[in-house]
Amino acid sequence: MRSKVSIKEMVGIKIIYAVLLVCYYWMWARQDWHTYYDVIQNTLAIFSILFFAMRAVRVRKYSKQEKDRQAIQHLQRIDAIGFRIMVAAAIIIAFASAVTFIDGRMAGYALVGTILALTVMRFILFSVMNRKDA
């Protein structure tokens with residue numbers, strides 16, 4: 001953990017944030033209950049606390065070092081693409097909810113699933129666009 005923090009690490013770690021969001025949404029929106037759900041919830045809570053504590057150290061270290069301007073420009077372009085995709089997905093989900101094709105709980109799953117997919121897409125696009133040998 002003493003190594004330099006890269007912007008690729010900062011982008012990639014957002015996937016774990018998105019997975020945590022999906023897991024927490026599942027915990028809030030589910031309709032059933034099984035005894036092993038307690039184990040899943042407690043494990044997820046402990047992991048979240050430890051993960052956020054470790055990330056705070058890395059983010060502080062990243063904020064103190066010099067930034068790669070070209071990588072930041074690539075990330076801004078990718079974020080603009082992701083924003084357009086998210087707007088389109090939100091419109092589709094809202095329309096599907098309005099015509100009662102899906103209910104509110106399923107719309108929530110669609111939204112958090114879209115966030116997870118966009119986060120993975122963002123990391124892949126950033127990795128491709130920010131190759132040093134290209």
Side-chain angles (χ1 to χ4, degrees):
M1 294 288 279
R2 298 234 181 251
S3 65
K4 188 175 178 183
V5 181
S6 69
I7 193 166
K8 187 174 183 178
E9 175 189 344
M10 298 302 286
V11 171
I13 210 72
K14 302 288 193 231
I15 295 172
I16 297 176
Y17 291 137
V19 169
L20 285 173
L21 176 68
V22 170
C23 291
Y24 277 106
Y25 184 78
W26 168 77
M27 286 192 305
W28 296 326
R30 68 175 177 258
Q31 300 291 322
D32 61 341
W33 182 257
H34 297 284
T35 54
Y36 59 88
Y37 284 176
D38 279 332
V39 174
I40 294 172
Q41 287 179 187
N42 292 334
T43 303
L44 191 61
I46 291 169
F47 173 78
S48 297
I49 291 167
L50 294 174
F51 176 73
F52 287 129
M54 289 173 38
R55 289 309 307 156
V57 172
R58 297 295 282 175
V59 168
R60 185 179 328 162
K61 186 174 184 178
Y62 176 74
S63 67
K64 292 180 181 178
Q65 67 190 34
E66 189 173 334
K67 312 295 186 285
D68 182 5
R69 295 189 191 283
Q70 184 179 8
I72 291 173
Q73 287 176 346
H74 290 307
L75 190 58
Q76 288 172 344
R77 284 189 208 119
I78 293 166
D79 286 344
I81 294 168
F83 176 73
R84 291 180 183 109
I85 293 171
M86 187 64 198
V87 167
I91 290 170
I92 291 168
I93 293 168
F95 181 75
S97 295
V99 296
T100 63
F101 182 67
I102 59 175
D103 62 347
R105 195 179 81 220
M106 292 310 294
Y109 278 117
L111 283 173
V112 296
T114 302
I115 291 170
L116 178 61
L118 281 173
T119 307
V120 172
M121 181 204 70
R122 180 182 189 229
F123 178 71
I124 292 170
L125 284 174
F126 181 76
S127 297
V128 169
M129 285 181 72
N130 203 39
R131 286 189 304 210
K132 296 294 182 187
D133 59 348

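Every value quoted in this text rests on a predicted model; they were computed, and no experiment measured them.
Residue Lys67 qualifies as enclosed at atom NZ: its count of foreign heavy atoms under 6.0 Å is above 12. More than 12 heavy-atom neighbours from other residues, nucleotides or ligands sit within 6.0 angstrom of CZ on Phe52. Within 6.0 Å of CE in Met106 there are 12 or fewer heavy atoms belonging to other residues, nucleotides or ligands.
Counting heavy atoms from C-beta on, the side chains of Val112 and Leu116 never come closer than 4.5 Å. Within the 4.5 Å cutoff, the side chain of Leu75 has heavy atoms near those of the Arg122 side chain.
Atom CD of Gln76 and atom CZ of Phe83 lie 14.5 Å apart (nearest 0.5 Å). Annotation: the span from Leu118 atom CG to Ile15 atom CD1 amounts to 11.5 Å, rounded to 0.5 Å. Annotation: the span from Ser48 atom OG to Arg55 atom CZ amounts to 14.0 Å, rounded to 0.5 Å. Note that CD of Glu9 is 10.0 Å distant from OH of Tyr62, once rounded to the nearest 0.5 Å. Distance check: Leu20 CG to Leu44 CG gives 5.5 Å after rounding to the nearest 0.5 Å. The CZ atom of Phe126 sits 7.5 Å away from the NE2 atom of His74 when rounded to the nearest 0.5 Å.
Note: the hydrophobic cluster containing Met27 also contains Val22 (ILVMFWY, side chain heavy atoms under 4.5 Å, direct or indirect links). Both Trp33 and Ile40 sit in one connected hydrophobic cluster of ILVMFWY residues. Membership requires side-chain heavy atoms under 4.5 Å apart, directly or through other members. Residue Trp28 is not grouped with residue Val39 when hydrophobic side chains (ILVMFWY) are merged at heavy-atom distances under 4.5 angstrom, including chains of intermediate members. Neither Met86 nor Ile91 shares a network with the other; the hydrophobic side chains, linked directly or stepwise wherever heavy atoms of I, L, V, M, F, W or Y lie under 4.5 Å apart, form separate groups for each. Cluster membership for Ile115 and Ile92, using ILVMFWY side-chain heavy atoms within less than 4.5 angstrom, is not shared.
Close placement of the Tyr17 and Phe51 rings is indicated, their centers lying within 6.0 Å of each other.
Using the six-membered ring where Trp is involved, His34 and Tyr36 have ring planes that are parallel, under 30° apart on the 30 and 60° scheme.
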Next item on the list: Report the C-alpha distance between Met121 and Ile85 in whole Å, list the side-chain angles of each, state the deciding distance to 0.1 Å, and finish with yes or no for side chain to side chain contact (heavy atoms under 4.5 Å, CB included).
Entry: CA-CA 11 Å; Met121 181 204 70; Ile85 293 171; 3.7 Å; yes
Notebook entry, point to check: When you look at Asp68 and Gln73, which way does the side chain to side chain contact (heavy atoms under 4.5 Å, CB included) test go after all the steps?
Noted result: CA-CA 9 Å; Asp68 182 5; Gln73 287 176 346; over 6 Å; no
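The minimum heavy-atom distance linking Tyr25 with Tyr109 is given by the pair CE2-N, 3.5 Å. Scanning both residues, Ala29 and Arg105, for their nearest heavy atoms gives O-CD, 2.9 Å. Residues Ala107 and Ile102 approach most closely at CA-CD1, 3.8 Å, considering heavy atoms.
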